[in-house]
Amino acid sequence: MEKKTFYITTPIYYPSAKLHIGHAYCTTIADTIARFKRLAGYEVFFLTGSDEHGQKIQRTAEAQNVTPIEYVDKIVASFQELWKRLEISNDDFIRTSEPRHHKVVQEVFRRIRDKGDIYKGEYTGLYCTPCESYWTELQLDENGCCPDCHRPVEKVSEEAYFFKISKYADSILKYIEDNPEFLEPKSRRNEMISFIKQGLEDLCISRTSFNWGIPVPDDEKHVIYVWFDALTNYLTPIGFLDDEEKFKKYWPADVHLVGKEIVRFHTIIWGCILMALGIELPKKVYGHGWLVISGDKMSKSKGNVVDPMLLIDEFGSDAIRYFLLREIVLGQDGNFNRDALIQRINSDLANDLGNLLHRTLNMINKFQKGVLLESVGGTEIDESLKNEAAETAREYRVLMENLQISDAVKLVWKFISRCNKYIDETAPWKLAKDETQKQNLSNVLYNLAESLRIIAILISPFIPTTSRRILEQLQLSQDIKLEDAETFGKLEINHVVGKPEQLFPRIEIE
RNA sequence: GGCGGCAUAGCUCAGUUGGCUAGAGCAAUCGGUUCAUACCCGGUGGGUCAAAAGUUCAAGUCUUUUUGCCGCCA
């Protein structure tokens with residue numbers, strides 16, 4: 001039987017500055033989904049990368065007296081370093097400056113031009129160079145400046161190529177309306193529907209004002225402009241031009257995970273490009289929310305940009321991953337602040353999970369010399385624990401399939417709480433003092449170790465390092481499958497567990 | 001300005017098609033326990049469900065108005 005495949009992408013990030021916690025958030029979500037799918041037996045392709053062209057990069061590089069590629073090389077290296085530290089399991093990293101990508105973009109341009117959907121025209125607009133954005137008269141701020149950065153805009157007029165998006169307006173509208181799964185969450189879907197209903201203008205897809213980009217085929221004074229260049233990255237690494245079999249295997253993509261600010265480009269523009277190419281549209285574009293910092297939008301001018309690398313240095317990657325996945329509901333904006341992070345680390349990771357593992361291993365070592373003995377019979381309390389374990393694994397799969405990640409995290413932690421309560425109900429330290437309770441003690445300790453084995457599997461997409469450490473302490477194989485979490489009682493009799501080691505230290509608040 | 005959304009405990013939020021004394025987690029407070037990372041378990045307090053009017057036997061839920069916040073509008 002052929003393995004099911006799964007292709008997930010993040011946006012390619014722009015190397016004009018260091019990445020902030022919002023980028024880490026998006027990539028962590030994508031990584032978690034990718035890990036879950038691998039755990040569930042899918043053949044996964046997980047792509048992230050960098051979008052390296054444009055006037056802003058060219059100017060910044062000039063200002064630093066380096067070439068654009070020298071400039072981006074350095075920043076992109078820092079992206080890759082961050083993903084490594086965050087345990088991001090991407091299968092490829094696409095850079096739009098790579099030859100393999102140039103080839104694809106030019107070919108896509110050619111095909112659509114040959115079809116007659118790209119034409120040469122004249123673009124006139126009010127341009128803000130730092131933001132690389134055109135604005136309309138209406139959008140400018142009260143001083144007639146850029147509404148984003150409040151610097152003056154320049155009136156620019158240039159020869160440019162246009163993509164006939166207007167031709168596809170009806171088709172893309174129908175597609176979005178007919179396929180509710182294509183664009184989530186629903187609020188974004190509604191916005192896009194009303195946007196298209198206002199009528200679509202053709203899209204300007206080339207520039208002559210700078211040259212750090214991919215040249216238009218046969219008209220090299222033009223470079224291909226931003227979205228037409230960037231979006232096609234999703235086709236490049238899966239063999240669009242050079243490996244038909246691979247391309248068939250992974251396209252259409254299962255999920256493009258994107259920030260809410262670029263949903264429009266990923267549904268309307270990307271959808272129309274693919275329609276023009278005669279290629280299927282991705283199965284889903286999911287627009288996630290933003291991280292706000294203590295209620296404030298993150299921005300350079302406010303000086304509240306959070307550097308994920310510093311957080312990882314201080315708290316470790318799993319703590320950061322856990323917080324992002326648990327605290328922020330996918331699709332909604334979420335609040336990030338240091339107190340809440342420390343709170344979560346202490347209460348969920350150190351107290352609930354870390355201590356559960358520690359006390360369990362400690363009791364197995366203390367009362368049974370580290371050996372798991374056969375479990376025979378069992379009380380109602382034992383049965384309810386086993387049922388809840390099975391129930392948890394089942395619901396977990398459903399929630400993760402539906403991308404309800406924070407709900408899935410909460411569900412697992414509910415089971416962790418159940419385990420702590422189980423210890424209280426069964427009081428193994430009392431059983432240990434009573435010779436006649438030996439069997440009950442063995443049962444309880446077995447059930448706890450088994451529950452922790454299941455927990456380790458279920459949390460592996462969220463906090464992979466911690467999952468590995470739990471399996472290590474339980475002295476179990478790292479080769480895990482989701483199915484293994486769905487059956488209670490897989491631990492072997494006479495299995496010897498390891499010594500407890502603290503998973504997460506509590507963080508003292510000064 | 002146009003279209004859309006939201007407003008529920010100190011905080012973050014659940015509340016299917018209107019139907020028992022409005023729930024959870026965290027925080028607060030009290031108690032229990034000792035295997036454990038001053039941890040874990042249990043109890044308690046706390047809400048005019050933004051405001052007003054309406055429909056209904058019955059409204060957090062439906063309608064209208066007001067106020068406040070948010071999103072989209074190349």
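Naming: A, B, ... by sequence-line order, numbering from 1 per chain.
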Complement of B:C6, any strand, by Watson-Crick or G-U distances under 3.5 angstrom: B:G68

Separation between the P atoms of B:A7 and B:U16, rounded to whole Å: 12 Å

Round to a whole Å and report the spacing from CG of A:L203 to P of B:A74. 13 Å

Considering every strand and a 4.0 Å limit on heavy-atom distances, what is the contact class for A:S417: base, sugar-phosphate, or nothing? sugar-phosphate

Provide the distance between the two C1' atoms, one in B:U29 and one in B:A9, to the nearest whole Å. 15 Å

Taking only side-chain nitrogens and oxygens of A:N362, does any of them come within less than 4.0 Å of OP1 or OP2 of B:A36? yes

Grab the CG-C1' distance between A:D348 and B:C39 for me, whole Å please. 14 Å

Centre-to-centre under 6.0 Å for A:H256 and A:Y286, is that the case here? no

Measure from the side-chain heavy atoms of A:D352 and tell me the nearest of B:C40, B:U37, B:U34. B:C40

Rounded C1' spacing from B:G23 to B:G60 in Å: 12 Å

B:G25 and B:U8: how far apart are their C1' atoms, nearest whole angstrom? 15 Å

Under a 3.5 Å limit for both distances, which nucleotide forms a Watson-Crick or G-U wobble pair with B:C62, could you say? B:G54

Measuring from the side chain of A:E191 (C-beta onward, heavy atoms only), which nucleotide among B:A74, B:C35, B:G71 has the closest atom? B:G71

For the atom pair CG (A:N494) and CG (A:L373), what is the distance rounded to the nearest 0.5 Å? 6.5 Å

Could you tell me how the ring of A:W227 sits relative to the ring of A:H266: parallel (under 30°), tilted (30 to 60°) or perpendicular (over 60°)? perpendicular

Nucleotide nearest A:R326 when distance is taken to its side chain, options B:G71, B:C35, B:G25: B:G25

Can you tell which of B:C39, B:A74, B:G25 lies closest to the side chain of A:L200? B:A74

What are the two closest non-hydrogen atoms of A:I312 and A:S317, and how far apart are they? CG2-N, 3.9 Å

Which value, in whole Å, describes the distance between the P atoms of nucleotides B:G10 and B:A74? 41 Å

A:L448 atom CG is separated from B:C40 atom C1', nearest whole Å, by 13 Å

Give a yes or no answer on whether the side chain of A:D219 reaches the backbone of A:H222 with a donor-acceptor pair at less than 3.5 Å. no

Length of the line joining A:W290:CH2 and B:C70:P, which is rounded to integer Å: 13 Å

Take the protein atom CD of A:Q502 and the nucleotide atom C1' of B:C39, then report the distance between them rounded to whole Å. 11 Å

Separation of A:F265 atom CZ from B:C72 atom C1', in whole Å? 12 Å

Determine the interatomic distance between P on B:U63 and the same-named atom on B:A22; round to the nearest Å. 23 Å

In the structure shown, which nucleotide is the Watson-Crick or G-U wobble counterpart of B:U44, with both distances under 3.5 Å? B:A28

Using atom C1' of each nucleotide, how far apart are B:C13 and B:U65 to the nearest Å? 28 Å

Round to the nearest Å and state the distance from A:R418 atom CZ to B:A24 atom P. 18 Å

It should be established whether A:R359 places a side-chain nitrogen or oxygen under 4.0 Å from OP1 or OP2 of nucleotide B:U34. no

Phosphate OP1/OP2 of B:G42: any A:K421 side-chain N/O under 4.0 Å: yes

Among B:C73, B:A14, B:C40, the nucleotide that comes nearest once only the side chain of A:N420 is considered: B:C40

On RNA chain B, does the nearest nucleotide to A:S194 precede the nearest nucleotide to A:R344 from the 5' side, or the other way round? Give the residue. A:S194

So, A:F336 versus A:F323, ring centres under 6.0 angstrom or not? yes

Can you check the distance between B:G71 and B:A38, where both ends of the measurement are the C1' atom (answer in whole Å)? 45 Å

Determine whether the aromatic ring centres of A:Y161 and A:F109 lie less than 6.0 Å apart. yes

A:L325 CG to B:U12 P: how many Å, rounded? 21 Å

Closest approach to the side chain of A:H358, judged atom by atom: which nucleotide of B:U37, B:C35, B:C73 is it? B:U37

Nearest of B:C73, B:C35, B:G71 to any side-chain atom of A:K260? B:G71

Within the structure, does a side-chain N or O atom of A:Q343 lie under 4.0 Å from either OP1 or OP2 of B:A27? yes

How is A:L503 classified with respect to the nucleic acid when contacts are heavy atoms under 4.0 Å: base, sugar-phosphate, or nothing? base

With respect to the phosphate group of B:U33, does any side-chain polar atom (N or O) of A:K430 fall under 4.0 Å of OP1 or OP2? no

Centre of A:F462's six-membered ring, under 6.0 Å away, within 45 degrees of the axis: is that where NZ or CZ of A:R326 sits? no

Please tell me if A:R188 has a side-chain N or O lying less than 4.0 Å from either OP1 or OP2 of B:G71. no

Considering only B:G71, B:C39, B:C41, which nucleotide approaches the side chain of A:R506 most closely? B:C39

Both distances below 3.5 Å, Watson-Crick or wobble geometry, any strand: find the nucleotide opposite B:U34. none

Just to be sure I understand the rule, does A:G199 reach a base, reach only the sugar-phosphate, or reach nothing, if contact means heavy atoms closer than 4.0 Å? base

What's the closest nucleotide to the side chain of A:N351 if the choices are B:G71, B:C35, B:C39? B:C39

Identify, between A:D424 and A:G354, the residue whose nearest nucleotide on RNA chain B lies closer to the 5' end. A:G354

